[in-house]
Amino acid sequence: MPAFQTSPGMRDILPPETARWRRLNAVFADVVSAAGYGQVITPLIEDVGVFTRIGEATDVVTKELYAFEDRGGRHVSLRPELTASVCRAFAQHRPAALPWKVWYTGPNFRQEKAQRGRYRQFDQVGVEVLGVDDAHLDVEIIALAAEFYQRLGLTQVTLVLNSLGEPEDRAAYVAALETYFADADLSEQSQTTLAKNPLRVLDSKREHDAVAIEGAPQISEFYSDDAAAHFAAVQAGLKRLGIDFVVEPKLVRGLDYYRRTIFEFQGGTLDSAQNALGGGGRYDGLVEALGGPATPGIGFALGVDRTLLACDDEGVFGDVTRPLDVFVVDVVGGQEAAVLTAELRAAGLSADRGYDNRSMKAQMKLANRSEARFAVIVGADELADGTVVVRPMARDAGDQQTIPRTDLISHLKDRS
RNA sequence: GUGGUCAUAGCUCAAUAGGUAGAGCACCAGGUUGUGAUCCUGGCGGUUGGGGGUUCAAGUCCCCUUGGCCACCCCA
């Protein structure tokens, strides 16, 4: 057993898996860049206050924060999510040109018990837009996420949609829920939840609570005219773009800052405990809560791990490793391989080589394992003649040939 | 955080009623002194997650601990 292993809930991501990560990020960057979004990179560590503002009734903040005091006595924390950091950055730098449309990718940290698709350090990709209240923006945001999934090849993704109404609507609804649930037959855990955040009771998966939740008042009964109109506009916009969705009145997302539009993408193949691939919503009060000007905002974050799991389950987005062009086999000491790989790489061809002056057989095995398209072989004869052997590695790619060493680059380029 | 379950070579797994750990894959080396992917032979490789206990004897029983997985919780 090794002396050290990754901490609980943490893990290494090694090749070839890392290639899939890069690919996923590249697809995401393509989608959002094409929509005018710029990348932001914010610190992993923030003043803990940045995160405590996102909700006193949120486990992410109250129980799972990696908070500590640094050597200067500052109370800081690893970020549990990125929306708060982006809003803090907005409040700090006050970009003048609105809307401010940004995207990001990176790790987040939550100290909860890990299981499949749920790690203490987990990556998200996401976008945030600040400064625009338009329902068309809600539609655009959702459409971007949908396009991302589509580009990956995922088909079993369900968009679940709801609106929490304006803050006053939400407050009125919460009050109504409190009254209703006070007399309802709830499980012990849900009664605890009720005291902290009545909305969250709707999320309970316990059978005990099913009847009570079924009969609970619906948020839609509390929408103001504006909220109802906004929600209707969002739905109409999605239909116009041919994006399927399901309105789920009981959808309440974890973070407390959401207002009006909220949405979640659920994978069809994952177990319910991890089926939330990603989600987001409108958070019109968050920038203000962080000391900035009153600014509407909306965004989403998508879990990279879970998205990759969903890709596995659907059998899409499989092998993304780029095959090598050339593997150089040098059985005359290794110096020739050093020169040849340098030349090949400079010419834009990918090239690897064998080391330790191993036998030709051993080096050919390496060439085979590397999945290179060609082996370039240099032995004593070739060295003396100023030639190289170019051997195609695929089964039906023809015979190897000996060519002048000076022709190697052009020869390979002709054959690719 | 609570509960359940599991933990044996790098990987996937075996090991009858407790008796001093095996296989496949992978890796390495050979198979007529230059050539891989098939095949054959051989080799390397484990103080059975860690610690303690019961026993003449424990991978196999008991306790503790660490970690994975699953459910709850929460969320991406």
Side-chain angles (χ1 to χ4, degrees), chain A residues 1-11 14 55 57-64 80-83 105-126 145 187-190 192-193 196-197 200-201 203-209 251-255 264-267 270-280 300-310 327 329-332 354 356 358-372 374-383 389-397 399-400 402:
Chain A
M1 278 298 109
F4 294 105
Q5 299 182 56
T6 47
S7 294
M10 306 284 186
R11 74 248 206 266
L14 310 174
T58 306
D59 279 8
V60 166
V61 171
T62 56
K63 289 158 57 179
E64 301 170 359
E81 56 123 45
L82 271 149
T83 303
T105 175
N108 304 290
F109 303 84
R110 297 180 192 176
Q111 195 160 168
E112 57 188 337
K113 196 155 179 178
Q115 57 194 64
R116 180 179 151 92
R118 176 175 137 177
Y119 304 101
R120 289 184 169 188
Q121 175 177 339
F122 63 100
D123 266 57
Q124 290 183 325
V125 295
S187 65
E188 211 172 308
Q189 294 103 313
S190 283
T192 308
T193 308
K196 289 191 300 184
N197 186 343
R200 203 75 53 68
V201 175
D203 243 351
S204 167
K205 288 168 190 155
R206 288 174 291 271
E207 287 197 14
H208 187 127
D209 300 323
L251 176 67
V252 288
R253 298 189 37 75
L255 291 327
E264 194 166 290
F265 293 91
Q266 298 178 351
L270 302 173
D271 291 334
S272 66
Q274 296 91 225
N275 78 341
L277 261 35
F300 65 72
L302 312 179
V304 172
D305 308 283
R306 290 186 185 178
T307 301
L308 254 17
L309 285 175
F327 191 96
V329 173
D330 173 347
V331 288
V332 290
D356 293 335
R358 297 228 269 153
S359 71
M360 176 172 291
K361 176 169 179 164
Q363 291 193 55
M364 285 304 295
K365 286 182 80 164
L366 294 177
N368 184 56
R369 205 183 302 158
S370 79
E371 296 185 324
F374 297 99
V376 168
I377 304 169
V378 184
D381 296 347
E382 290 76 19
L383 183 59
V389 172
V390 176
R391 179 178 174 84
M393 295 300 285
R395 282 173 186 285
D396 50 1
D399 294 332
Q400 66 185 40
T402 302

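Each chain gets a letter, A, B and so on, in the order its sequence line appears, and its residues count up from 1. Here the structure is a predicted model, which means the values were calculated and not measured.
One donor-acceptor pair, N or O on each side, does fall under 3.5 Å between the base of B:G34 and the side chain of A:Glu382. Judged by distance alone, with hydrogens and angles left aside, A:Gln266 brings no side-chain donor or acceptor close enough to the base of B:A76 to form a pair under 3.5 Å. A donor N or O paired with an acceptor N or O is found under 3.5 Å between the base of B:G36 and the side-chain atoms of A:Arg391. The base of B:U35 does not come close enough to the side chain of A:Gln363 for any donor and acceptor atom to sit less than 3.5 Å apart. Residue A:Arg369 places no side-chain atom within donor-acceptor reach of the base of B:C27, judged by atom type and a 3.5 Å distance cut-off alone. The base of B:G31 sits within donor-acceptor range of the side chain of A:Lys361, with an N or O pair under 3.5 Å.
Within the shown strands, nothing qualifies as a pairing partner of B:A15 under the Watson-Crick or G-U definition with both distances less than 3.5 Å. Base pairing of B:C39: its partner is B:G31, meeting the Watson-Crick or G-U wobble criterion (both donor-acceptor distances under 3.5 Å). Using the Watson-Crick or G-U wobble rule with both distances under 3.5 Å, B:G1 pairs with B:C72.
Taking the P atom of each, B:G4 and B:C40 are spaced 48 Å apart, rounded to whole Å. Taking the P atoms as reference points, B:C62 lies 16 Å from B:U16, given to the whole Å. Across the C1' atoms, B:A15 and B:A23 are found 11 Å apart, a figure rounded to whole Å. Across the P atoms, B:A9 and B:G46 are found 10 Å apart, a figure rounded to whole Å. Here the separation of B:C44 from B:G49, taken at their P atoms, is 23 Å to the nearest Å. B:A7 and B:U12 have their C1' atoms separated by 14 Å, with the value rounded to a whole Å. Using C1' as the reference atom, B:A26 and B:G45 are 11 Å apart when rounded to the nearest Å. Across the C1' atoms, B:A17 and B:C11 are found 32 Å apart, a figure rounded to whole Å.
Counting heavy atoms from C-beta on, the side chains of A:Val332 and A:Glu382 never come closer than 4.5 Å. With a 4.5 Å cut-off on side-chain heavy atoms, A:Arg369 and A:Phe327 do not count as touching. Under the 4.5 Å side-chain criterion, counting only non-hydrogen atoms from C-beta, A:Leu366 is in contact with A:Arg358.
To the nearest angstrom, P of B:U2 lies 13 Å from CD of A:Gln111. The distance between atom CD of A:Gln124 and atom P of B:C75, rounded to the nearest whole Å, is 13 Å. Atom CZ in A:Arg110 sits about 9 Å away from atom C1' in B:C74, given to the nearest Å. In this structure, CZ of A:Arg358 is placed 14 Å from C1' of B:U35, rounded to the nearest angstrom. If you take CE of A:Met10 and P of B:U66, they are 17 Å apart, rounded to a whole angstrom. Rounding to whole angstrom units, CG of residue A:Asp356 and P of B:A29 are separated by 10 Å. Rounded to whole angstrom, the span from the CG atom of A:Asn275 across to the P atom of B:C75 amounts to 13 Å. A:Asp396 places its CG atom 16 Å from the C1' atom of B:U38, with the value rounded to the nearest Å.
When all heavy atoms of A:Leu309 and A:Gly117 are compared, the closest pair comes out as CD1-CA, 3.7 Å. For the residue pair A:Met360 and A:Ile377, the shortest heavy atom distance occurs at CE-CG2, 3.6 Å.
Distances were taken from every side-chain heavy atom of A:Arg200 (C-beta onward) to each of B:U35, B:C74, B:C28; the shortest belongs to B:C74. Distance from the side chain of A:Ala276 is smallest for B:A76 among the nucleotides B:A76, B:C69, B:G67. Of the candidates B:G68, B:C27, B:C72, the closest approach to any side-chain atom of A:Gln115 belongs to B:C72. With B:G1, B:A76, B:G36 as the choices, the nucleotide that has an atom nearest any side-chain atom of A:Lys113 turns out to be B:G1. The A:Val331 side chain lies nearest to B:G34 when the options are B:C70, B:C74, B:G34. Of the candidates B:C28, B:G34, B:C74, the closest approach to any side-chain atom of A:Glu112 belongs to B:C74. Here the side chain of A:Arg306 is nearest to one of B:C75, B:U35, B:A37, namely B:C75.
With A:Asp305 as the fixed residue, the salt bridge (charged side-chain N to carboxylate O under 4.0 Å, His left out) test singles out one of A:Arg116, A:Arg118, A:Arg11: A:Arg11. With A:Pro107 as the partner, the side-chain contact (heavy atoms from CB on, under 4.5 Å) test is satisfied by one option alone out of A:Gln121, A:Arg120, A:Gln124: A:Gln121.
Among the protein residues, A:Ile377 comes within range of the nucleic acid bases, having at least one heavy atom under 4.0 Å from a base atom. Across all strands, A:Gly278 comes closer than 4.0 Å only to sugar-phosphate atoms, never to a base (heavy-atom distances). Residue A:Tyr119 is in base contact, counting any heavy-atom pair closer than 4.0 Å across all strands shown. Using a 4.0 Å heavy-atom cutoff across all strands shown, A:Gly354 reaches no nucleic acid atom at all. Across all strands shown, A:Gln400 has heavy atoms under 4.0 Å from base atoms, whether or not it also approaches the sugar-phosphate.
Nearer the 5' end of RNA chain B, as judged by each residue's closest nucleotide, is the contact made by A:Met360, out of A:Met360 and A:Ala394. Of the two residues contacting RNA chain B, namely A:Gln121 and A:Asp381, the nearest-nucleotide position lying further toward the 5' end is that of A:Asp381.
Under a 3.5 Å cut-off, the side chain of A:Arg391 and the backbone N or O of A:Ala375 do not form any donor-acceptor pair.
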